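Only a predicted model underlies this, so the values are computations on that prediction, with no experimental measurement involved.
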Amino acid sequence: MAHNRRLTTAAAFTALALMLAGCTPNSVESANAGDGSSTTRTIVDHTGKEVEIPAEITRVAVDQIPIASTYLAYFGGKAPHMVGMSKPVVTALEGTVAADIAPELLEVDTSYSTEGDLNAESLLEIDPDVVFYIAANTEHGELLKSAGIPAVGFATQGDPATVYTDWLRLLEQVFDEPGKMDEAIEYGQGLVQEAQQQNASIPQAKRKDVLIFVRFGQGTATVAGMPEFFGSHWLETANAENVAVGTTEPLAQVSGEQILEWDPDVVLVAGRGMSQLRPDEILAGDVEGMDLSTLTAIQAKDVYSTDLGMWNWFTPSPDAPVIAHWIGQAIYPQLADPAALEDLTVDYYERLYNYTLSDKEIDRIYESALSDDIEQ
């Protein structure tokens, strides 16, 4: 996707990132299917509230939540019933493997949500059976309820490797297919555990300090701080330290002087939907008027992007088991096995998305993964 297209949606996605960072997780409860004769069913979504939805779902719309890749995994690489998504989400999907797998995702209606706002009247015109929204966005939840549109809230906070499985379980509830994703979830959990064990082989004394850039603007940088944002969980998986100690917000604004004081060993650039930057721009050293050229990470060219795979790999996604392997190898080159990682990725996509990646697509997935591969 072109750089200038990312810029046009940066503001909307910054708001989305803030929304995702502030969500509260809830347990999925069993759906009440009734006696099978009713035209509706009642489920409990991640807000903890009962939601009455049609017994048969044939038209799905999505408000803000980046659930497209999880939806593809649920339907084996297809996007049936999907009639609408937020425009910034569709724009960000352009040029991704998700669009290769299911180009129909780019053809859905986006008129009801162009820059993060929700227009209920426009949404009613496409007549969805159900709308998926971010559970913490109570304003949108109430708007959908007032419009009489069945809405299912998906929680977003927490370890992305767990959140995506919660989303799959809630999709099982929505489509009344309990246990459908058991095998896929078990397979993914095994891969995550395998990666964690490998990453844990790095001794405590050699753990690296990492800084995650989310965006830049007006002479400051927004970084993944504390309490935890998505990237923080990935650093735990990678057996690395978040250098942004002392911050008090998941998305913290900091100065160039603070970044220089932290002097991280590795820099990660949060990808699609968050940062507008690529690793080569960070490696240039001068970002938004901040001279970062002396950073250890920049000097060593240890700067990597999460703008990989289906989406931005730091947000919840079924790619999480692959990410768990990639991030350890990116931060600790001694663990790197590029050929094995590519084989794992190909196998995973075949099993989760029923899709065989081409060599070109593999190259595109990992083109920003290792800064040594970036043409200067």
Side-chain angles (χ1 to χ4, degrees), residues 1-3 5-6 9 13 16 62 65-80 82 85-108 110 160-161 163-165 167-168 171 181 184 187-188 191-192 195 230 234 268-276 278-279 304-327 329-330 338-370 373-374:
M1 184 172 57
H3 177 69
R5 294 296 298 277
R6 286 205 296 266
T9 60
F13 269 102
L16 172 58
V62 179
I65 185 170
I67 199 172
S69 57
T70 307
Y71 196 86
L72 289 183
Y74 186 82
F75 285 106
K78 305 291 184 182
M82 183 70 72
M85 283 194 293
S86 172
K87 184 175 179 60
V89 172
V90 173
T91 300
L93 284 170
E94 295 175 4
T96 66
V97 178
D100 293 344
I101 296 173
E104 62 266 30
L105 288 172
L106 304 182
E107 303 301 323
V108 299
T110 61
V163 173
Y164 92 87
T165 64
W167 289 2
L168 289 173
L171 288 174
M181 302 307 296
Y187 173 48
L191 289 178
V192 172
F230 294 132
W234 284 123
L268 297 177
V269 186
R272 201 171 296 256
M274 295 183 186
S275 170
Q276 303 92 272
R278 290 176 52 85
Y304 313 110
S305 173
T306 69
D307 193 4
L308 311 167
M310 283 284 184
W311 181 258
N312 173 1
W313 267 6
F314 269 5
T315 56
S317 160
D319 281 1
V322 177
I323 303 166
H325 284 261
W326 163 75
I327 193 167
Q329 295 186 29
L341 182 59
E342 290 184 5
D343 288 345
L344 171 64
T345 306
V346 170
D347 180 69
Y348 191 78
Y349 271 58
E350 287 179 345
R351 294 182 64 168
L352 260 290
Y353 306 111
N354 194 32
Y355 185 81
T356 301
L357 292 166
S358 67
D359 291 343
K360 184 177 181 179
E361 286 169 327
I362 281 286
D363 290 342
R364 195 169 80 225
I365 287 174
Y366 287 111
E367 66 179 350
S368 299
L370 302 175
D373 295 337
I374 296 172

ask   = Who are the side chain to side chain contact (heavy atoms under 4.5 Å, CB included) partners of E342, not counting sequence neighbours?
value = I362
task = Applying side-chain contact (heavy atoms from CB on, under 4.5 Å), run through L72 and L105 and close with a yes or a no.
result = CA-CA 10 Å; L72 289 183; L105 288 172; 3.9 Å; yes
query = S86 and P88: which non-hydrogen atoms are nearest, and at how many Å?
reply = OG-CD, 3.0 Å
Closest approach of G77 to A102 (non-hydrogen atoms, all atoms of both residues) = O-CB, 4.1 Å
Please tell me if the side chains of [X] and [Y] come closer than 4.5 Å, counting only heavy atoms from C-beta onward.
X    : Y    : value
V62  : V89  : no
P318 : Y164 : yes
T70  : L168 : yes
M85  : L93  : yes
Y349 : N354 : no
L268 : W234 : no

inquiry  = List the residues meeting salt bridge (Lys or Arg N to Asp or Glu O under 4.0 Å) with D347, not counting sequence neighbours, and say none if there are none.
reply    = none
task = Evaluate the side-chain contact (heavy atoms from CB on, under 4.5 Å) criterion for residues E361 and Y355: first the C-alpha distance (whole Å), next the side-chain angles of each, then the deciding distance (0.1 Å), finally the verdict.
result = CA-CA 11 Å; E361 286 169 327; Y355 185 81; 2.6 Å; yes
remark   = Result for side chain to side chain contact (heavy atoms under 4.5 Å, CB included) between W326 and one of D319, L344, I365, L341 points to L341
Nearest 0.5 Å please: distance from the [atom1] atom of [X] over to the [atom2] atom of [Y].
X    : Y    : atom1 : atom2 : value
R364 : T96  : CZ    : OG1   : 7.5 Å
Q329 : Y304 : CD    : OH    : 11.5 Å
L352 : M181 : CG    : CE    : 6.5 Å

message = Go through it in stages, so that I can follow the logic: the residues are K360 and D100, the test is salt bridge (Lys or Arg N to Asp or Glu O under 4.0 Å), and I'd like the CA-CA distance, side-chain angles, deciding distance and then a yes or no.
response = CA-CA 12 Å; K360 184 177 181 179; D100 293 344; over 6 Å; no
task = Could you please spell out the steps behind the side-chain contact (heavy atoms from CB on, under 4.5 Å) verdict for H325 and V192?
result = CA-CA 7 Å; H325 284 261; V192 172; over 6 Å; no
ask   = Y348 and Y187: side-chain contact (heavy atoms from CB on, under 4.5 Å), yes or no, with the steps?
value = CA-CA 9 Å; Y348 191 78; Y187 173 48; 3.4 Å; yes
Side-chain donor-acceptor contact under 3.5 Å, Y366 with T345 = yes
Pairs where residues 349-359 contributes a residue and the test salt bridge (charged side-chain N to carboxylate O under 4.0 Å, His left out) is met, not counting sequence neighbours = none
